[in-house]
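This structure is a prediction, so every number in the text was calculated from the model and none was measured. Quick note: residue numbers are just sequence positions, from 1.
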Amino acid sequence: MMEQLLPHTFRLLSNTLKQIIMKTIILSDISNSKETIIPYGLRLAVALESEADVLHVIDPRTHQGTYSSVSDSQSISPGETLTQAETIKLEKHRVSNEMDKLLSSEGSRLNYPLKINRLIVENSLEEELEHRFALNPDCLVVVNAEADEDMFENTSEIVRLIKKAGVPVIVVPPGEKFTDIGNALMPLNIDRNNYISMKKLRFLFDHFRMTVNAVGVASQNDYTELELKAIAWRDVAKEYVLPHSTVKTNILEGKDFITTVNNYFHRNNHDLLIMVNDNNDSKKAVTDTIMFLKTIHSPALVYFPN
């Protein structure tokens with residue numbers, strides 16, 4: 001219980017939460033038919049003063065041998081049967097050209113010496129991300145909210161990967177324009193009071209010094225009790241976890257949690273939805289996250305602590 005935790009425990013926690021994000025990993029959506037989120041990720045990296053990895057993963061399992069409809073003028077003629085290796089080589093060449101064009105254009109607009117690492121690798125997405133996270137445990141991932149057949153089949157697969165990753169991931173609608181995060185909404189799990197779960201998000205709170213609006217949803221009968229718990233949560237969070245943020249709490253009356261939070265999010269013009277999924281009921285947390293991502297239509301930061 002929160003009231004049983006000693007002040008010095010929170011002070012120790014506060015000191016250990018200080019960190020700087022070292023790498024922003026942007027999952028390339030060059031092959032997606034939707035508008036790219038790479039410019040959003042680059043501008044987020046600039047705002048965080050971090051390096052940016054633009055990572056495109058080519059999974060050999062989805063690139064089998066096929067017939068060529070074009071010629072590379074050197075070794076492949078139209079109509080010629082391509083081996084898997086040749087198919088992957090062509091795909092790497094196509095992605096490389098498109099990525100170079102995009103990064104050249106976007107880099108010239110940044111007016112900032114952002115270090116951009118352009119990475120095109122042949123691997124499964126899960127294995128490659130495990131490798132990247134091992135190299136950069138303090139990273140932030142940016143991914144397109146619209147699943148494509150090349151990387152993700154659906155939103156459920158995106159959430160499954162986020163849960164397994166154990167790193168914070170910002171899910172961005174196609175073509176979203178980056179703006180500084182001034183006003184964030186965080187659905188609140190008041191009964192857990194697990195401030196340690198927010199450890200990896202401290203860099204974001206401290207950097208943007210945002211207003212964090214933590215909300216719960218209650219029926220009329222439970223409203224007063226939850227409101228008192230929320231006030232206590234706010235006071236502790238402000239002093240020991242979010243010292244540079246403006247922290248607000250609101251208990252919303254409603255029957256459906258997701259619909260109520262969604263309506264409040266858009267009615268009050270929030271910039272970011274933050275979901276810290278530290279609920280013991282992981283199945284419900286996954287289900288709620290999927291529903292939020294399908295309906296929020298705004299950037300959402302999702303984090304499943306390991």
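A 4.5 Å side-chain heavy-atom check between I296 and V261 finds every atom pair outside the cut-off. Between P60 and Q84 there is a side-chain heavy-atom pair separated by less than 4.5 Å.
The pair D100-R118 counts as a salt bridge, with a side-chain nitrogen and a carboxylate oxygen less than 4.0 angstrom apart. Using a cut-off of 4.0 Å between Lys/Arg side-chain N and Asp/Glu carboxylate O, D53 and K23 are scored as salt-bridged. By the 4.0 Å N-to-carboxylate-O rule, E91 lies close enough to R94 to be salt-bridged with it. A salt bridge is defined here as a Lys NZ or Arg NE, NH1 or NH2 lying under 4.0 Å from an Asp or Glu carboxylate O, and E176 with R43 fails to meet this definition. Using a cut-off of 4.0 Å between Lys/Arg side-chain N and Asp/Glu carboxylate O, K89 and E86 are scored as not salt-bridged.
Between F178 and F208, the ring planes are tilted. Angles from 30° to 60° get that label. The aromatic rings of H270 and Y264 lie tilted to each other, with the angle between the two planes from 30° to 60°.
Here the rule is side chain to side chain contact (heavy atoms under 4.5 Å, CB included) with L129, and of L27, V141, V57 only L27 fits it. With Y223 as the fixed residue, the side chain to side chain contact (heavy atoms under 4.5 Å, CB included) test singles out one of I251, L228, L252: I251.
D59 and S124 are not linked by any side-chain donor-acceptor pair at a separation below 3.5 angstrom, with hydrogens and angles left out of the test.
When the side-chain contact (heavy atoms from CB on, under 4.5 Å) test is applied to S156, the partners found at least two apart in sequence or on another chain are N154, I290.
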**Asked** side-chain contact (heavy atoms from CB on, under 4.5 Å) between L102 and I30: does it pass, once the steps are laid out?
**Response** CA-CA 9 Å; L102 175 64; I30 288 292; 4.0 Å; yes
